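Remarks on the structure that follows.
Every chain is numbered from 1 and lettered A, B, ... according to where its sequence line falls, protein lines coming before strand lines. Because the structure is predicted, anything quoted here is derived from the model rather than measured.
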Amino acid sequence: SQQGEEDPQALSIQEGENATMNCSYKTSINNLQWYRQNSGRGLVHLILIRSNEREKHSGRLRVTLDTSKKSSSLLITASRAADTASYFCAGGGAAGNKLTFGGGTRVLVKP
Amino acid sequence: DGGITQSPKYLFRKEGQNVTLSCEQNLNHDAMYWYRQDPGQGLRLIYYSQIVNDFQKGDIAEGYSVSREKKESFPLTVTSAQKNPTAFYLCASSIDQGTNEKLFFGSGTQLSVL
């Protein structure tokens, strides 16, 4: 399995600031995905970056991928209180491999 | 509305009892998954199914069982053999397991032991 590990485990910022979290994984991947989970709810898919891509944007989200370092970062710009959630990365391997999630980064955006 | 529905939202299990968690999807997805989440932790894969009448063990299958008799449904049974069942259980689906892309999740079931 491709284990994702997020860093930091927790992050507290003021509304309007940027939030950056990192993800490291151990084995080769075809894609790296980021999900958000609000407390007591299911996960919601945010963005997917493929192994041949280095950077991807979606609204206020920016994701980078460095396959040589086996790492990815998620940047949330101009954060809002509604961005308060846990964020998980997951590495997708070759067909038939299981998608494996890391422990997540808990983000608190203070109004 | 297309989506994935889990029920019940809360479930309590007595010692020695089997309980079944429901998961239904109307997204016409081939692949379905069950994950377990402990407080403050990530998700661990219990079982997954790529097509009807087929399923595979995940990383923590012991004490659990599943069936996939219909494309829309993937129920999970937590058996009495699972000694530490208290957790948040999440069901997910994807278009197909082969592409390993974009999982859609249900709202989860919180299972507690009485």
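- For A:Arg80, the CZ atom sits in a loose shell: 12 or fewer heavy atoms of surrounding residues, nucleotides or ligands are nearer than 6.0 Å.
- For B:Phe104, no part sits under 4.5 Å from any heavy atom of chain A, backbone or side chain.
- Annotation: A:Glu55, atom CD; neighbour count of heavy atoms from other residues, nucleotides and ligands within 6.0 Å is above 12.
- Atom CG of A:Leu46 sits about 10.0 Å away from atom NZ of B:Lys102, to the nearest 0.5 Å.
- The line from CG of A:Leu99 to OH of B:Tyr35 is 5.0 Å long, rounded to the nearest 0.5 Å.
- For chain A, the nearby part of B:Leu90 is the side chain; its heavy atoms alone come within less than 4.5 Å.
- In the hydrophobic clustering of ILVMFWY residues, with side-chain heavy atoms under 4.5 Å counting as a link, B:Ile60 and B:Val113 come out apart.
- Contact detail for A:Gln33 and B:Glu101: the closest heavy-atom pair is NE2-CA, 3.6 Å.
- The number of heavy atoms from other shown groups lying within 6.0 Å of CZ (A:Arg50) does not exceed 12.
- Residue A:Gln9: no heavy atom, backbone or side chain, is found under 4.5 Å from chain B.
- The two residues A:Gly40 and B:Lys9 come nearest to each other via the heavy atoms O-NZ, 3.9 Å.
- Contact annotation for B:Gln56: neither backbone nor side-chain heavy atoms come within less than 4.5 Å of a heavy atom of chain A.
- Atom CD of B:Glu62 sits in a sparse spot, with 12 or fewer heavy atoms from other residues, nucleotides or ligands closer than 6.0 Å.
- Shown here for A:Arg41 and B:Phe88, the closest heavy-atom pair between the two residues is O-CE2, 3.5 Å.
- B:Leu27 and B:Val52 are members of different hydrophobic clusters when ILVMFWY side chains are connected at heavy-atom separations under 4.5 Å.
- Formation of a donor-acceptor pair under 3.5 Å by the A:Tyr35 side chain with backbone atoms of B:Leu103 is found in this model.
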